[in-house]
Amino acid sequence: MDDGSPAYAPLALDWDTEAVAERRRRFLSPALATFIGYDDPVVWQRGSGQYVWDNHGRRHLDCMAQNVCISVGHAHPGVLAAAREQMEQLPHVTTAYHHPQPGHFAEELIATLPEGQDWVAHFVNSGAEAVDLAVLIARAHTQSFELLALRDAYHGMHYGAQTATGIGQARQLVPPAPGYVQVMGPHPYRGPFGPDAQPYLEELERVLHTNTCGAVAGFIAEPIQGYGGIVELPEGYLRGAAEQVRAAGGLLIVDEVQTGFARTGSHFWGFEAHDVVPDVIVMSKGIGNGFPIAAVVTRREVAEGMAARMFFNTYGSNPTCCAAGRAVLRAIADEGLQANAAHVGGLILDGLRTLQTAYPRLGDVRGRGLLIGAEIVADPATRRADAAGAERVQLALLARGVVAGLCGREHNVVKINPPLCVTTEDAAGLLRAMDEALAAL
Ligand SMILES: Cc1ncc(COP(=O)(O)O)c(C=O)c1O
């Protein structure tokens, strides 16, 4: 280097697949080492836009966007430039000091939310942290304790978030965090009360009267359940739930970790499709395009419930992550990514519905924008879930250069949520791969 600073050699990396898998087994906690997307290890080496390349140089369309984190594209040049500039100046300023990035980011984030509210943002590091903070805020504000959450919801793995999560496998063998009450959630395809909102609202009312003291801190829900199987709340449910919960003194907390940041295409935020303004909004994943940041946004008067006490994270408001987040917002706006999510997502949904006519074991196709689920069943008449079949489809897609996930209570829903910059050509390639994968079932 000509500025006199020492040259640093790149850190050594062993890219051999077996070596990567072995180090993971050997040195990472078993809880992490066994959380894998594919039984046969796949090693990702580089990414650009909607694609990732493995360590053999093979390109894949990343329809999982690294667990919905890559919103505007892998290695997005605008995000990298913003983060690099901040890192070169000062990578971290802890929450107790002043720096302009968090304030700018909060201002720009709040500009995406419905007007007429005095919104404020609280930055943390991950979705589960944000969920736990949102619940704490609701409890501090309402001075009530009980928190309603939906079955099959996924809200993260921390102690409280884990209990809000209505997926048994996400629970550890310890007593759950106190105060969480699970409610039967609507499901358009599998719901025991049918596809419409009303019977589930009646169930919510029953739960409020039988399983709570009648005064609650809030109700948390994803507008479209992500890991629960891409289950969109039916029209009127979120608004009706908000009315009931507010009448019981509680707040509506919306978890936008998967649905936010224009992914649903029709709207910037998932809740906007439901004609209701939440009291508390949880954001993560796509907010940072791969940089670890999350946020809870609420009204000032609600957040004030916690102001007399201390709550901060050392890395919350980290300026590098905030710079990345600002660049994400800029990219969504400048590159028309919300409209693209609506357009390309619509093509994928239409194409999958066409495939359904040829392949009845594609039992249901659902979602919005670029948050899509394709449910594989053993028998369309009984709708019996076929997890093994879904896994075969997932592997057939991988063999054709498409990364997809599996979700749903029965693990039989193929999850498709690529970065928002995915193109119509990518959609056509994905549908071809899906056609072949289903034919092979
Ligand atoms: C809807 C939703 N909420 C919360 C979380 C938790 O986020 P994190 O894994 O960053 O803690 C997730 C993670 O997948 C999620 O999908």
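As the structure lists them, so they are numbered: ligands from 1, and atoms in each ligand from 1.
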Participant: Look at the rings of His60 and Trp44 and say which category their plane angle falls in: under 30° parallel, 30 to 60° tilted, over 60° perpendicular.
Facilitator: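 Perpendicular.
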Participant: Any idea which residues sit under 4.0 Å from ligand 1, heavy-atom distances?
Facilitator: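 Those residues closer than 4.0 Å to ligand 1 by some heavy atom are Ser126, Gly127, Ala128, Tyr154, His155, Gly156, Glu222, Tyr227, Asp255, Val257, Gln258, Lys285.
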Participant: Can you name the nearest heavy-atom pair linking Ala390 to Leu406, along with the distance?
Facilitator: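 Closest approach of Ala390 to Leu406: O-CD2, 3.7 Å.
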Participant: Less than 6.0 angstrom from the centroid, inside 45 degrees of the normal: does Arg139 satisfy that with respect to the ring of Tyr180?
Facilitator: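 Yes, a cation-pi geometry.
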Participant: Give me each pair satisfying salt bridge (charged side-chain N to carboxylate O under 4.0 Å, His left out) with a member in residues 112-127, each pair once, sequence neighbours excluded.
Facilitator: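 For residues 112-127, and leaving out neighbouring residues, the salt bridge (charged side-chain N to carboxylate O under 4.0 Å, His left out) pairs sorted by first residue read Asp118-Arg300.
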Participant: Applying side chain to side chain donor-acceptor pair (under 3.5 Å) as the test, list every pair that has at least one member in residues 234-245; sequence neighbours left out.
Facilitator: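 Of all non-adjacent pairs touching residues 234-245, none passes side chain to side chain donor-acceptor pair (under 3.5 Å).
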Participant: Filter on salt bridge (charged side-chain N to carboxylate O under 4.0 Å, His left out), then keep only pairs touching residues 313-339, sequence neighbours left out; what's left?
Facilitator: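 Output for this query lists Glu108-Arg326.
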